[in-house]
Amino acid sequence: MRRYLVAGNWKLNLGPAAGRELAFGLADRLRGRELRGDVVVCPPFVTLAAVAPAAQGDPVQLGAQNCAAWDKGAYTGEVSAAMLAEAGVRYVIVGHSERRQYFREIDQDFVGKIDQVHAAGLKAIFCYGEVLDERKGGRAEAVVEAQLRGVLPRLEGANAYNLVLAYEPVWAIGTGETATPEIAQHMHAHSRALAGQLLGAETAGALRILYGGSCKPDNARELIGQPDVDGGLIGGASLKAADFLGIIDGAEAACDG
Ligand code: 13P
């Protein structure tokens with residue numbers, strides 16, 4: 001049985017004061033609840049220290065949105081996975097479509113970053129997904145296949161414990177347009193089959209695959225209720241406590257069937 005994971009990607013939002021307020025609000029509301037999954041918040045680097053006291057794992061955990069592909073050295077502006085671990089981070093997002101689009105990151109960057117995440121003892125959330133033209137052109141499955149084949153076989157020590165996949169169709173990110181549960185399930189099953197080829201069937205069976213793209217309280221239960229959807233990577237709706245808590249409630253309801 002895979003535990004669900006609901007992770008909030010705050011993107012370029014919430015400095016230390018606002019981040020602390022949101023994280024403590026979430027922690028207060030969730031404390032003592034016996035969740036059947038994991039909850040992670042991923043603030044900007046500068047907000048990590050303010051959020052860390054609220055995200056020590058009961059049940060909220062701390063994540064980061066990026067890290068360096070190197071462990072140390074003359075790389076101005078970079079932050080290493082080991083530094084993030086020291087700051088209390090447990091998960092690091094890698095490969096987000098916004099990193100691909102605006103920062104021109106490619107497979108080689110993702111391999112370096114995920115290996116660093118793993119070397120630091122952290123878990124990577126590796127994002128991938130097709131853009132609208134690729135879906136309209138009937139190429140969604142092939143694009144996802146290329147994105148997974150370009151990274152997963154090159155990783156040094158990936159397993160179902162330290163790697164999480166996040167299928168994020170780019171046309172659904174921040175657009176209010178969500179993949180239907182059928183599309184999500186189809187793409188997740190496709191991803192899991194590919195992961196089976198690339199990482200082995202046992203790993204693929206235990207691997208958590210999140211859905212991301214306009215996930216909201218009113219669609220979370222149905223999406224996360226799909227057999228191969230193991231949680232959500234949440235952008236806009238992770239910035240308001242009530243919405244994020246509503247998505248966690250949806251994940252819990254999905255566990256009930
Ligand atoms: P939205 O939930 O705002 O569509 O963003 C999804 C996302 O990019 C999470 O990483």
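All residue numbers refer to positions in the sequence shown, counting from 1. Whatever order the structure lists ligands and atoms in, that order sets their numbers, starting from 1.
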Roughly how far, to the nearest 0.5 Å, is the CD atom of Gln185 from the CD atom of Glu222? 12.0 Å
Looking only at distance, does Glu98 have an N or O less than 3.5 Å from an N or O of ligand 1? no
Checking the N or O distance criterion of under 3.5 Å, is ligand 1 in contact with Thr175? no
For His188 and Tyr211, take the angle between the two ring planes, folded into 0 to 90°, and tell me which bin it lands in: parallel under 30, tilted 30 to 60, perpendicular over 60. tilted
Between [X] and [Y], does any side-chain N to carboxylate O distance fall below 4.0 Å?
X      : Y      : value
Arg99  : Asp109 : no
Lys123 : Asp38  : no
Arg221 : Asp256 : no
Arg33  : Glu252 : no

Between the side chain of Arg100 and the main-chain N/O of Gly95, is any donor-acceptor distance below 3.5 Å? yes
I'd like to know if Ser97 contacts ligand 1, where contact means a heavy-atom distance under 4.0 Å to any ligand atom. no
Are Lys11 and ligand 1 in contact, using a heavy-atom cut-off of under 4.0 Å? yes
Within ligand 1, which atoms have a heavy atom of [X] less than 4.0 Å away?
X      : value
Gly174 : 1 (P), 3 (O), 4 (O)
Asn9   : 9 (C), 10 (O)
Gly213 : 4 (O), 6 (C)
Ala172 : 4 (O)

Report the part of Ile173 in contact with ligand 1, treating N, CA, C, O as backbone and CB onward as side chain, heavy atoms under 4.0 Å; options are side chain, backbone, both, neither. both
Please classify the Ala166 to ligand 1 contact at 4.0 Å (heavy-atom distances, strictly less than): side chain, backbone, both or neither. neither
Taking all non-hydrogen atoms of both residues into account, name the closest pair between Ala179 and Pro169 and its distance. CB-CG, 4.4 Å
So which heavy atom in the protein is nearest [atom], and how far is it from that ligand atom?
atom                   : answer
atom 2 (O) of ligand 1 : Gly235 N, 2.9 Å
atom 9 (C) of ligand 1 : Glu168 OE2, 2.9 Å
atom 3 (O) of ligand 1 : Gly236 N, 2.8 Å

Neighbour count >12 (heavy atoms, 6.0 Å) for atom CD, Gln108: no
